[in-house]
Amino acid sequence: GLATQDMLPVVAIYSTFLQRSFDQIIHDVALQELPVFFCLDRAGLVGEDGPTHHGTFDLSYLRMIPNIVIMSPRDGKEFEQMIAYGVEHLKKRKGPIAVRYPRGAVPECPDMVAPSPLQHGKGQKILSGQKVAVLTLGRQGSDAWEAIQKTRLPIGLYNVPFAKPLDEELLEEVLQQYEYLVIIEENSIIGGIYEGLTNLYCRKFQQKYPDKHLVPLCLPDEFIPHGKVPELLSHVKMDTHHIAGKLRELYNENAS
């Protein structure tokens, strides 16, 4: 209602609470291309709030909706950029936009290159590598960085700030250079960017770049139990220890 009267609503809400408004997002906002900025707190695993509060489905239920832009920051600096970007998006009245971010302290990874200024739907190369590249959305960027340092292998790392639209040019760049693309996101394996990138690869790039392997490190297709976030990440094999192990396995596969 506010958006139809020339106001620019910023809606701050838990990821799991917005699930209850799915029909309203489609019919009352996106269908009319209204300028509404959804800020989704508690995206991903939230630990001791319990299984009802894990924000593990927001990318899945938002990515299927036309006329919406979806972002997820890797750290505090990129989060600030996304808030500013979202407000400007509203002012231009280009339709709805969403940013999803986790509960808790901002992840710190001081050695990682600073985030680039946001460009609509564009990602960023963090590390160059060989054979294996990691594409991350959200706070998994810092975990992937640490995991790569543990391996001491030349593994590529790319930050994907936009879950929608996906960066087709970045995907093709990675397909040109690497055999394995490991996609890490704190969302259900169904409906997130892994599924989106796989779909994009099959539709547009598979004939040109055959025999590429897109490997998911995502949340499983199940409800996640109660527990502290580090314990849960270990449980679903998405902590730095398991990420590093998977990267070593892929890099050394078929090695002579």
Side-chain angles (χ1 to χ4, degrees), residues 44 59 72-75 78 107 109-116 121-163 166-221 230 233-256:
L59 294 182
S72 186
R74 77 176 207 207
D75 56 24
E78 193 166 68
C109 198
D111 295 330
M112 191 186 295
V113 63
S116 299
K122 295 299 180 183
Q124 176 190 16
K125 180 169 71 173
I126 308 298
L127 290 172
S128 296
Q130 301 170 8
K131 190 175 180 179
V132 179
V134 181
L135 285 73
T136 66
L137 175 109
R139 67 175 170 183
Q140 274 61 53
S142 58
D143 290 342
W145 171 275
E146 292 180 16
I148 290 171
Q149 306 312 308
K150 286 183 178 181
T151 68
R152 297 186 179 182
L153 295 171
I155 292 172
L157 177 61
Y158 295 78
N159 179 41
V160 183
F162 288 85
L166 291 170
D167 190 341
E168 294 188 20
E169 292 182 359
L170 181 68
L171 176 59
E172 183 167 20
E173 175 187 329
V174 176
L175 290 170
Q176 288 174 343
Q177 300 179 40
Y178 299 91
E179 181 180 352
Y180 294 96
L181 283 62
V182 179
I183 299 159
I184 308 178
E185 59 181 319
E186 207 170 321
N187 187 81
S188 169
I189 192 172
I190 296 177
I193 66 163
Y194 165 72
E195 199 167 85
L197 289 169
T198 301
N199 180 290
L200 189 58
Y201 169 64
C202 291
R203 285 189 297 110
K204 290 198 171 185
F205 300 119
Q206 190 170 27
Q207 288 187 342
K208 189 175 181 181
Y209 306 103
D211 302 323
K212 301 293 182 176
H213 305 278
L214 278 66
V215 181
L217 283 180
C218 311
L219 297 177
D221 179 26
L233 286 173
S234 177
H235 171 71
V236 297
K237 299 183 179 180
M238 287 180 62
D239 60 346
T240 56
H241 170 74
H242 284 95
I243 294 172
K246 188 63 177 180
L247 297 180
R248 290 192 193 97
E249 174 190 330
L250 294 174
Y251 191 89
N252 293 322
E253 187 164 320
N254 300 322
S256 57

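Note that CG of Leu219 is 10.0 Å distant from NE2 of His235, once rounded to the nearest 0.5 Å. Going from atom CG of Leu137 over to atom CG of Asn159 covers 8.0 Å, rounded to the nearest 0.5 Å. Taking CG from Leu247 and CD1 from Ile155, the interatomic distance works out to 4.5 Å, rounded to the nearest 0.5 Å. Between the SG atom in Cys218 and the CD1 atom in Ile193 there is a gap of 7.5 Å [rounded to 0.5 Å]. With rounding to the nearest 0.5 Å, the separation of OG in Ser116 from CD1 in Ile126 is 7.0 Å.
In this structure Asn187 satisfies the side-chain hydrogen bond (donor to acceptor under 3.5 Å, both in side chains) test together with Ser60, sequence neighbours excluded. With sequence neighbours excluded, no residue forms a side-chain hydrogen bond (donor to acceptor under 3.5 Å, both in side chains) with Thr198. By the side chain to side chain contact (heavy atoms under 4.5 Å, CB included) test, Glu173 pairs with Lys125, Tyr158, Leu170, Gln177, sequence neighbours left out. By the side-chain hydrogen bond (donor to acceptor under 3.5 Å, both in side chains) test, Thr240 is found to be paired with Lys150, residues two or more places apart in sequence or in another chain being considered. Residues meeting the side chain to side chain contact (heavy atoms under 4.5 Å, CB included) test with Pro154, sequence neighbours left out: Gln130, Tyr251. Partners of Lys237 by side-chain hydrogen bond (donor to acceptor under 3.5 Å, both in side chains), not counting sequence neighbours: none found. Residues satisfying the side chain to side chain contact (heavy atoms under 4.5 Å, CB included) criterion with Glu169, sequence neighbours excluded, are Lys122, Asp167. Leu127 pairs by the side chain to side chain contact (heavy atoms under 4.5 Å, CB included) definition with Trp145, Ile148, Gln149, Leu157, not counting sequence neighbours.
Sorted by first then second residue, the ring pair (Phe, Tyr, Trp, His ring centres under 6.0 Å) pairs that include residues 188-219, not counting sequence neighbours, are Tyr180-His213. Residues in residues 238-250 take part in these salt bridge (charged side-chain N to carboxylate O under 4.0 Å, His left out) pairs, two or more places apart or across chains: Lys246-Glu249. Sorted by first and then second residue, the salt bridge (charged side-chain N to carboxylate O under 4.0 Å, His left out) pairs involving residues 197-215 (not counting sequence neighbours) are Glu168-Lys204, Glu172-Lys208. The salt bridge (charged side-chain N to carboxylate O under 4.0 Å, His left out) pairs that include a residue from residues 177-199 are Arg139-Glu186, where partners are two or more places apart or lie in different chains.
Side chain of Gln140 to main chain of Thr136: no donor-acceptor pair is present (N/O by atom type, distance under 3.5 Å, no hydrogens or angles).
Minimum heavy-atom separation, Pro220 to Ser188: O-OG, 4.4 Å. Contact between Pro115 and Glu78 at its shortest, heavy atoms only, is CB-OE2, 3.9 Å. Across every non-hydrogen atom of Pro161 and Gly123, the tightest pair is CD-CA, 3.6 Å. Across every non-hydrogen atom of Ser72 and Gly138, the tightest pair is OG-CA, 3.5 Å. Leu166 approaches Gly196 most closely through the heavy-atom pair CD1-C, 3.6 Å.
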For this session: Report the C-alpha distance between Ile243 and Asp143 in whole Å, list the side-chain angles of each, state the deciding distance to 0.1 Å, and finish with yes or no for side-chain contact (heavy atoms from CB on, under 4.5 Å).
Result: CA-CA 8 Å; Ile243 294 172; Asp143 290 342; 4.3 Å; yes
Exercise. Is there a side-chain contact (heavy atoms from CB on, under 4.5 Å) between Ile184 and Met238 once you walk through the steps?
Worked result: CA-CA 8 Å; Ile184 308 178; Met238 287 180 62; 4.1 Å; yes
For this session: Please test His242 against Ser234 for side-chain contact (heavy atoms from CB on, under 4.5 Å), starting from the C-alpha separation and ending with a verdict.
Result: CA-CA 7 Å; His242 284 95; Ser234 177; 3.9 Å; yes
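Using a 4.5 Å cut-off on side-chain heavy atoms (C-beta onward), Ser142 and Asp75 make no contact. Residues Leu181 and Leu171 meet the side-chain proximity criterion, which asks for heavy atoms closer than 4.5 Å.
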